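Notes for the one structure printed next.
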Protein chains: 2
Amino acid sequence: MSEESDEKKRKFDSQEQEVYLSLWRTYDRLKGLEEELFQSWELTSQQYNVLRILQAAAPRPVPTLQISTRLISRAPDITRMLDRLGERGLVGRVRSQEDRRTVLVEITPQGLELLEKLQEPVKSLHISQVGHLSQADRTALCRLLQKTRKPHEPSDGHW
Amino acid sequence: MSEESDEKKRKFDSQEQEVYLSLWRTYDRLKGLEEELFQSWELTSQQYNVLRILQAAAPRPVPTLQISTRLISRAPDITRMLDRLGERGLVGRVRSQEDRRTVLVEITPQGLELLEKLQEPVKSLHISQVGHLSQADRTALCRLLQKTRKPHEPSDGHW
DNA sequence: AGACAATAGTTGTTTAGACGACTACTATAG
DNA sequence: CTATAGTAGTCGTCTAAACAACTATTGTCT
């Protein structure tokens, strides 16, 4: 997070900082493209992630907190996120009979339909984001990213 | 963004997607550590980034929009961000005489003092984030991240 | 069986990101 | 010189992240 007034003189406090800030910046630039795409469908990336999780689980419903653990980024307000998806008819919710604390969530046919429509645009998005890298670079990057986050992942994580 | 109900069966739609989601996930995990640190100082990473930009420019003040262009992540509400920093006495603002549309921002002695206090904790943070990587891995990762974001950077960008 | 701890989800509230409209000012064209 | 376009920052407003308190339910212990 060091920005010099003289831009010829970019300097980081440490290499570790350089790594982290590069990561932040790179993600931020790519995220912008994603947001642009999802915006035209009135979706956020978190909502899309939820729908994909439910799609993968279909036809089985998923408990609310289990969705949370599977999300890429934590969602402290999962209840209202699901409220909003529910209001659009993209997900359905029902309280479990086995454990009445638990709410089971499933994707609706309307939700599946939306994902179907988004399939190609999302595929194109990712290509526009990182398609310029060679396959070797992509592989190496994935490996390094995985190595980077590994100590920071929960032990029972899905990543 | 594909999460399988059967976690043994992680599958991405494409390698490009895998890259992007790895990036998102990795950043998110590391960001969590950063937020934890800054929280105890009642700062956000964006605010810290602003302070660092101003520190680097000191004693010269920086026009508001120039701060924006130098931030790692865009700040659509820079005005109010600076309001909040100003209320804490960390930055000062004055309208430029040369061009009265422009507000010049500078870091206060109090702001510099805060950055001084944060220097060691921030250094330790970055080490805890990525210190487990070898130097070669860190170098490679930086190179790949730079390559990844390059087509997505503004042409007059600072990155 | 009852008491208490743990769990799942919900709700109240605050905060900051984000968009777009607005005000004031400067630059440019005729 | 005047009118208009462009620029810088501010303000109104909406949305979702985020924390913490709360309610209801289940699990555990005695």
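The chains referred to below are lettered A, B, ... by the order of the sequence lines, with proteins before strands, and numbering in each begins at 1. Owing to the predicted nature of the structure, the values given are computational and were not obtained by experimental measurement.
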Exercise for review: Report the distance from atom CH2 of A/Trp24 to atom CD1 of B/Ile72, rounding to the nearest 0.5 Å.
Suggested key: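 Rounded to the nearest 0.5 Å, the CH2-CD1 separation comes to 4.5 Å.
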- request: Measure the acute angle between the ring planes of A/His152 and B/His132, then classify it against the limits of 30° and 60° as parallel, tilted or perpendicular.
  value: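 Ring orientation, 0 to 90° scale: perpendicular.
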Is it the case that A/Arg52 and A/Gln55 place a side-chain donor and acceptor less than 3.5 Å from each other?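 Looking only at side-chain atoms, A/Gln55 and A/Arg52 do form a donor-acceptor pair, the distance falling under 3.5 Å.
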Options [options], nucleotide nearest the side-chain atoms of [X]:
X	options	value
B/Arg101	D/dT7, D/dA24, C/dT10	D/dT7
B/Pro63	D/dG9, D/dA16, D/dC11	D/dG9
A/Pro76	D/dA17, C/dA16, C/dG9	D/dA17

It should be established whether [X] places a side-chain nitrogen or oxygen under 4.0 Å from OP1 or OP2 of nucleotide [N].
X	N	answer
A/Arg84	D/dT15	no
B/Arg100	C/dT23	no
B/Thr64	D/dG9	yes
B/Gln39	D/dC19	yes
B/Arg74	C/dA16	no

| query | Using 4.0 Å as the upper bound for N to carboxylate O, is an ion pair formed by A/Lys123 and B/Asp13? | reply |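 Answer for the salt bridge query: no.
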Do the charged groups of B/Arg25 and B/Asp28 touch, with an N to O distance under 4.0 Å?
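Looking at B/Arg25 and B/Asp28, the cut-off is not met.
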Distance check needed: [N] [atom2] versus [X] [atom1], whole Å only.
X	N	atom1	atom2	value
A/Leu71	D/dA18	CG	C1'	15 Å
B/Ile78	D/dT10	CD1	P	10 Å
B/Met81	D/dC11	CE	P	16 Å
A/Gln66	C/dT7	CD	P	16 Å
B/Arg88	C/dT15	CZ	C1'	13 Å
A/Gln46	C/dG17	CD	P	17 Å
B/Leu104	D/dT10	CG	P	11 Å
B/Leu82	D/dA8	CG	C1'	13 Å

Base, sugar-phosphate, or nothing for [X], non-hydrogen atoms under 4.0 angstrom?
X	answer
B/Asp99	sugar-phosphate
A/Glu42	nothing
B/Thr79	base

### Message
Closest-nucleotide mapping onto DNA chain C: is A/Lys31 or A/Leu65 further toward the 5' terminus? I mean the 5' end.
### Response
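Nearer the 5' end of the strand: A/Leu65.
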Item to check | First of A/Arg80 and A/Val62 reached from the 5' end of DNA chain C, by closest nucleotide | outcome: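 Checking each residue's closest nucleotide, the 5'-ward one belongs to A/Val62.
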B/Thr26: which of A/Gln146, A/Arg149, A/Glu153, A/Lys150 passes side chain to side chain donor-acceptor pair (under 3.5 Å):
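Considering A/Gln146, A/Arg149, A/Glu153, A/Lys150, a side chain to side chain donor-acceptor pair (under 3.5 Å) with B/Thr26 is found only for A/Arg149.
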Next item on the list: Nearest-nucleotide wise, let me know which of A/Arg95 and A/Thr44 is further upstream toward the 5' end of DNA chain D.
Entry: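 Its nucleotide being nearer the 5' end, the pick is A/Thr44.
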- Query: Which sits closer to the 5' end of DNA chain D, A/Asp77 or B/Thr102, going by the nucleotide each is nearest to?
  - Reply: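 Per heavy-atom nearest nucleotide, the more 5' residue is B/Thr102.
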